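Since the model is a prediction, treat every value here as computed from it, not as a measurement. Worth knowing before you read on, the calculation uses all heavy atoms, side chains too, and leaves out hydrogens, waters and symmetry mates. Naming: A, B, ... by sequence-line order, numbering from 1 per chain.
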Amino acid sequence: MLDVQLLRSQIETVAARLASRGLTLDTSTFAALEDGRKSLQTRTQELQAKRNALSKQIGMLKGKGEDASAVLADVARLGDELKACEQALPGLLEKMEAFLLGLPNLPHESVPVGEDESGNVEVRRWGSPGSFDFEVRDHVEIGAGLGLDFDTGARLSGSRFTFMRGKVARLHRALAQFMLDLQTGEHGYTECYTPYIVNRDILVGTGQLPKFRDDMFWVLRGGDEQAGEQYLISTSEISLTNSVRDQVLPLDALPVKLTAHSPCFRSEAGSAGRDTRGMIRQHQFDKVEMVQIVHPEKSYEALEEMVGHAETVLQRLGLPYRVVALCTGDMGFSAAKTYDLEVWLPAQNTYREISSCSNCEAFQARRMQARFKNVNGKNELVHTLNGSGLAVGRTLVAVLENYQQADGSVVIPKALVPYMGGIEVLEPAL
RNA sequence: GGAGAGGUGGCAGAGUGGUCGAAUGUACCUGACUCGAAAUCAGGCGUAGGUGCAAGCCUACCGUGGGUUCGAAUCCCACCCUCUCCGCCA
């Protein structure tokens, strides 16, 4: 959420910065809401102050045993207008809140301006795509003999679900374990296990709600028709970041660095027809997520660091990738700046997103009321960052495709061998 | 699921309709005393929001949401959470 003070004082600047994201700020709606809010709120508070003062008088008079009927009559005169104000104000404040909750974050000044992904800027490349002296197969073909079973996934749950058995299932687990060990053991993140089902407010905190409800899976508790719905997390960023909501952290607690391996559930509304083959785009996938809660002055430093943490995973696995700075038009709702990591997929002959690292600045912190005590002893909003380290399913795809052999086997990257119980090559069963 | 107890400021803990945003203790900060510290003494010390150049003034907040009342931490209703015991259960 943007700082409402900023909108009040510099609406044109805000509008210009949002325009770079392709969003037209409805300044007249804001102005109308703000005018209404200001007059109604000040009037309400004025009447409340009068009522409180008169009520105190009544208390004093009655305490002394004197007649209070005159004051009582004064208070009664406030009645109707006060009641009307107190009834109208919450609705107006909610409208204002809803307006603010629907606005995306302001892009950082260093973000390249662009309309869509074609405006993204490649920052660097690592590794070079391998050459194959045979026709490369995609992960669907390679995986078929290794236990990667899309038919069963579809039979159980429909499209965009995958069933894995045997060696591929183990490889999938090995990848997650390896990533988690790396981020906790070498990069200083605290391993977490979080709920996968969360309350509505939690999604408002990180920005999935109210605007992107269609992207979520939501659930109802058995037997209780009255209970509100809860949501399956679409990333553990949600539960990790919200772990500091409504908190005032001591200065020396920063930075908080958290990581978790979790499933992620996404309805992929609006993605019909995209990446329908294979496990690039699934309704359920695993991810090792990194989250940092940092001092506002350190957040851009932390972003660079976090990108490095994600890159390390790809480097240890020997997977070629590039780092891309997303442009204003391609960034996510909550982000002020985002780097994507794109891994080389030989079967697609292109780089595909495998990690996304974002600095959300105070955007989420303001929604969550996540603060720290600054050097002056004042409460100040933290900055939050999140990044994938990495998406496990897509990493599995990348390993299968980049390490495939002519005979259909797949060499296990050295870093994973210990996690595979010493297995160095996956041989197809068929 | 059943029975009971409870949710008040960083913590502890009072407050049962009227100058209560809340006693008191403790922690913390500032000052005094001290060579320094401890002890002691004095003062300060919640959050969000509105308004104002500012000092300040004002509003809301005692688990959450409603209600009664001129006035609610206090009374009423619903819900949530925590703890204890029992049942069930991976």
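Side-chain atoms of Gln5(A) lie closest to G50(B) of the nucleotides G50(B), C70(B), U59(B). Closest to the side chain of Arg371(A), out of U47(B), G71(B), U51(B), is U47(B). Of the listed nucleotides (C58(B), U51(B), A60(B)), U51(B) has the atom at the smallest distance from the side chain of Lys38(A). The nucleotide whose nearest atom lies closest to any side-chain atom of Gln41(A) is, among U19(B), G50(B), C70(B), G50(B). Picking from U51(B), C70(B), U59(B) the nucleotide with the shortest atom distance to the side chain of Thr42(A) gives U51(B).
Within a 6.0 Å radius of NZ in Lys211(A), other residues, nucleotides and ligands contribute more than 12 heavy atoms. Atom CD of Glu424(A) has 12 or fewer neighbouring heavy atoms from other residues, nucleotides or ligands inside a 6.0 Å radius. Other residues, nucleotides and ligands contribute at most 12 non-hydrogen atoms within 6.0 Å of the NZ atom of Lys298(A).
Between the P atom of G44(B) and the CG atom of Asn376(A) lies a distance of 21 Å, rounded to the nearest Å. One can place CD of Gln48(A) at 8 Å from P of U59(B), the figure rounded to the nearest angstrom. Regarding Asp246(A), its CG atom lies at a distance of 11 Å from the P atom of A48(B), rounded to whole Å. The NZ-C1' distance, from Lys56(A) to A72(B), rounds to 14 Å in whole Å. For Gln45(A) and C61(B), the CD to P distance is 12 Å, given to the nearest whole Å. Rounded to an integer number of Å, the gap from Asn379(A) CG to C45(B) P is 15 Å. Atom CG of Asn199(A) is separated from atom P of U64(B) by 16 Å (rounded to the nearest Å). Residue Ile58(A) contributes atom CD1, which lies 14 Å from atom P of U69(B) at whole-angstrom precision.
Looking at heavy-atom distances under 4.0 Å, Asp74(A) makes no contact with the nucleic acid at all. Residue Glu86(A) is classed as having no contact, given no heavy-atom separation below 4.0 Å to the nucleic acid. Among the atoms of the strands shown, only primed sugar atoms or phosphate atoms (P, OP1, OP2) are found under 4.0 Å from some heavy atom of Arg37(A). The residue Leu54(A) sits apart from the nucleic acid: no heavy atom pair falls under 4.0 Å.
If you take atom P in C61(B) and the same atom in G25(B), they sit 27 Å apart, rounded to whole Å. One P atom belongs to G18(B), the other to U30(B), and the distance between them is 39 Å to the nearest Å. Here, A60(B) and C53(B) have their C1' atoms 26 Å apart, quoted to the whole Å. To the nearest whole angstrom, the two C1' atoms, one in C62(B) and one in G7(B), are 10 Å apart. Taking atom P on both nucleotides, C20(B) is separated from A73(B) by 12 Å, rounded to a whole Å. For the P atom pair drawn from U59(B) and G21(B), the interatomic distance equals 10 Å after rounding to whole Å. For the P atom pair drawn from U19(B) and G13(B), the interatomic distance equals 25 Å after rounding to whole Å. Comparing G9(B) with A23(B), their P atoms are spaced 13 Å from each other, to the whole Å.
Ring geometry for His309(A) against His187(A) counts as parallel: the plane angle stays under 30°, on a 0 to 90° scale with 60° as the upper cut. Under the 30°/60° scheme for interplanar angles, the aromatic rings of Phe30(A) and Phe99(A) are found to be tilted.
U26(B) is paired with G10(B) under the criterion used here, namely a Watson-Crick or G-U wobble arrangement in which both key atom distances are under 3.5 Å. The partner of A5(B) is U82(B), judged by Watson-Crick or G-U wobble contacts that both fall below 3.5 Å. Summarising the base pairing, A73(B) is matched to no nucleotide, lacking a Watson-Crick or G-U wobble pair whose two defining distances lie under 3.5 Å. Pairing partner, C35(B): none, since no Watson-Crick or wobble contact has both distances short of 3.5 Å. Across all strands shown, G87(B) forms no Watson-Crick or G-U wobble pair with both distances under 3.5 Å. Base pairing annotation: G46(B) forms a Watson-Crick or G-U wobble pair with C61(B), both donor-acceptor distances under 3.5 Å. Base pairing annotation: G56(B) forms a Watson-Crick or G-U wobble pair with U51(B), both donor-acceptor distances under 3.5 Å.
Nearer the 5' end of RNA chain B, as judged by each residue's closest nucleotide, is the contact made by Met60(A), out of Met60(A) and Ala76(A). Along RNA chain B, the nucleotide nearest Gly377(A) and the nucleotide nearest Leu72(A) are compared for position; the residue whose nucleotide lies closer to the 5' end is Gly377(A).
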Check the pair Phe265(A), Tyr231(A) against ring-ring contact (aromatic ring centres under 6.0 Å, His included), reporting the backbone distance first and the verdict last.
CA-CA 9 Å; Phe265(A) 303 93; Tyr231(A) 296 80; over 10 Å; no
Under the side chain to side chain donor-acceptor pair (under 3.5 Å) criterion, do His108(A) and Asn359(A) qualify, and how do the steps go?
CA-CA 9 Å; His108(A) 187 254; Asn359(A) 182 3; over 6 Å; no
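For Asn52(A) and G71(B), the shortest distance from a side-chain N or O to OP1 or OP2 is not below 4.0 Å. Residue Gln57(A) has no polar side-chain atom (N or O) positioned under 4.0 Å from OP1 or OP2 of G18(B). At G50(B), one or more side-chain N or O atoms of Arg8(A) fall inside 4.0 Å of OP1 or OP2 (strictly under the cut-off).
Of the possible donor and acceptor atoms, none in the side chain of Thr152(A) sits under 3.5 Å from a partner among the backbone N and O of Asp149(A).
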